[in-house]
Amino acid sequence: MNYTNDIKLQYPLKEAIKQFKNYQVNLEDKSLMVIYRNRQTNVIDYIIVQFIGSNYYHLTGLAYKEDNNDSRDNHFGSRFYYDLVDKKLSIKDLKIKDNNTELKIKALPSIMTCYKYTNMIGDFNDSGLRLNLDKVMGNVTTYLGLKKIGEKVYAPASCLYGDVRNSAKVAHQVIAIFIKETNDIRPFSDIKYVAKGNNLNNLSNEIKSLISLEKNQ
């Protein structure tokens with residue numbers, strides 16, 4: 001049986017629409033501070049992951065038919081976001097982006113609460129996947145792909161169903177994950193994950209200047 005583009009798109013589109021509400025509630029306009037221990041140096045470091053509405057497009061594995069994956073053309077993410085908000089997203093406008101789409105859609109539900117389960121992070125190893133990423137973070141079943149946009153700041157650029165260790169040069173242990181609204185200038189204080197056996201009071205002064213542990217004590 002030859003499946004048409006529309007038939008192939010039915011489930012991915014349905015799942016993307018379903019998970020969009022979770023993205024708005026859990027991740028949109030929020031920042032995660034991911035604190036981790038470098039396995040090679042034993043030094044504790046951190047990154048900040050910022051989520052905006054247009055990032056959602058890159059997590060779904062769906063693409064507009066006219067999107068030729070030109071990195072200079074960034075309007076598709078915003079268009080996708082507003083088509084979802086306005087309930088105007090249509091199969092006739094879309095295509096399966098590439099061979100990773102199925103893995104992205106399978107991972108999407110877990111990614112919506114990635115701050116609860118992410119326990120490893122590392123630099124992307126270009127493991128045969130045609131993805132333009134700098135880092136990956138997740139666990140043995142799902143992970144988020146990140147693109148660097150600042151000194152220690154990253155944006156979500158992909159997600160996949162699979163073991164993060166297969167896509168990381170070295171998988172470092174995540175110590176803790178904090179979350180806050182991106183426009184909140186106060187320190188990170190809402191802890192979503194802490195690895196067992198780690199005392200957050202023993203972090204470096206740089207990291208402690210960015211977090212508050214008061215509400216968690």
Side-chain angles (χ1 to χ4, degrees), residues 1-32 49-118 124 126-147 149 154-164 166-167 182:
M1 179 178 181
N2 294 320
Y3 289 94
T4 65
N5 185 61
D6 286 2
I7 291 175
K8 288 181 180 179
L9 278 165
Q10 284 178 357
Y11 177 73
L13 179 58
K14 181 181 178 182
E15 190 66 15
I17 292 171
K18 177 182 176 181
Q19 296 302 329
F20 179 60
K21 292 181 180 178
N22 290 329
Y23 183 81
Q24 287 180 299
V25 171
N26 296 322
L27 294 173
E28 185 184 345
D29 295 328
K30 292 180 173 62
S31 292
L32 303 181
V49 185
Q50 294 181 343
F51 295 81
I52 59 176
S54 59
N55 294 147
Y56 187 66
Y57 179 61
H58 304 290
L59 303 182
T60 65
L62 299 175
Y64 286 103
K65 288 179 177 177
E66 61 269 38
D67 184 354
N68 296 315
N69 206 25
D70 186 341
S71 60
R72 296 168 296 179
D73 195 343
N74 296 317
H75 81 279
F76 291 111
S78 296
R79 175 182 167 187
F80 191 75
Y81 176 82
Y82 287 110
D83 278 351
L84 281 164
V85 169
D86 297 334
K87 295 180 171 56
K88 296 196 304 184
L89 197 62
S90 171
I91 278 182
K92 66 180 178 62
D93 298 323
L94 300 170
K95 64 183 178 181
I96 298 293
K97 185 174 182 179
D98 52 38
N99 293 334
N100 295 321
T101 296
E102 184 179 353
L103 295 176
K104 291 183 178 183
I105 289 297
K106 196 170 182 179
L108 203 56
S110 296
I111 293 299
M112 296 304 104
T113 53
C114 60
Y115 43 75
K116 292 182 179 180
Y117 71 81
T118 292
F124 183 55
D126 298 311
S127 55
L129 297 170
R130 297 179 61 185
L131 295 170
N132 184 19
L133 304 173
D134 294 308
K135 285 188 183 295
V136 287
M137 58 179 248
N139 64 9
V140 297
T141 57
T142 52
Y143 58 97
L144 195 63
L146 307 173
K147 192 70 183 163
I149 58 173
Y154 292 76
S158 184
C159 69
L160 286 172
Y161 185 83
D163 191 333
V164 68
N166 294 333
S167 292
T182 298

Provide the closest heavy-atom pair for [X] versus [Y] in the form atom of the first, atom of the second, distance.
X	Y	value
Q50	T182	NE2-CG2, 4.1 Å
E66	D93	OE1-O, 4.5 Å
Y154	K135	OH-CE, 3.1 Å
D67	K95	O-NZ, 3.0 Å
C114	L32	SG-CD1, 4.0 Å

Within the 4.5 Å heavy-atom criterion, are [X] and [Y] side-chain neighbours or not?
X	Y	value
T113	N22	no
T141	Y117	no
K97	L62	no
E28	F51	no
P12	T60	no
L160	Y143	yes
T101	K8	no
L27	Y115	yes

K147 atom NZ, neighbour heavy-atom count above 12 within 6.0 Å: yes

Neighbour count above 12 (heavy atom, 6.0 Å) for E102 CD: no

Pairs of donor and acceptor atoms involving the side chains of residues 82-91, under 3.5 Å and at least two apart or interchain, shall be tabulated with distances.
from : atom 1 : to  : atom 2 : distance (Å)
D83  : OD2    : Y64 : OH     : 2.7
S90  : OG     : K92 : N      : 3.3

Short side-chain donor-acceptor distance under 3.5 Å, S54 and S78: no

Residues S158, L133; criterion side-chain contact (heavy atoms from CB on, under 4.5 Å); working and verdict: CA-CA 8 Å; S158 184; L133 304 173; 4.0 Å; yes

Rounded to the nearest 0.5 Å, what separates atom [atom1] in [X] from atom [atom2] in [Y]?
X	Y	atom1	atom2	value
H58	K104	NE2	NZ	8.5 Å
I111	I105	CD1	CD1	11.5 Å
L131	N100	CG	CG	5.0 Å
M112	N26	CE	CG	8.0 Å

F124 backbone acceptor or donor facing S167 side chain under 3.5 Å: no

N/O donor-acceptor pair under 3.5 Å between K30 side chain and V49 backbone: no

Sub-6.0 Å ring centroid separation between F20 and Y81: yes

Residue pair V140, D163: steps toward the side-chain contact (heavy atoms from CB on, under 4.5 Å) verdict: CA-CA 4 Å; V140 297; D163 191 333; 3.9 Å; yes

Derivation and outcome, side-chain contact (heavy atoms from CB on, under 4.5 Å), residues C159 and T142: CA-CA 7 Å; C159 69; T142 52; over 6 Å; no

N139 vs S110, side-chain contact (heavy atoms from CB on, under 4.5 Å): CA-CA, chis, key distance, verdict: CA-CA 11 Å; N139 64 9; S110 296; over 6 Å; no

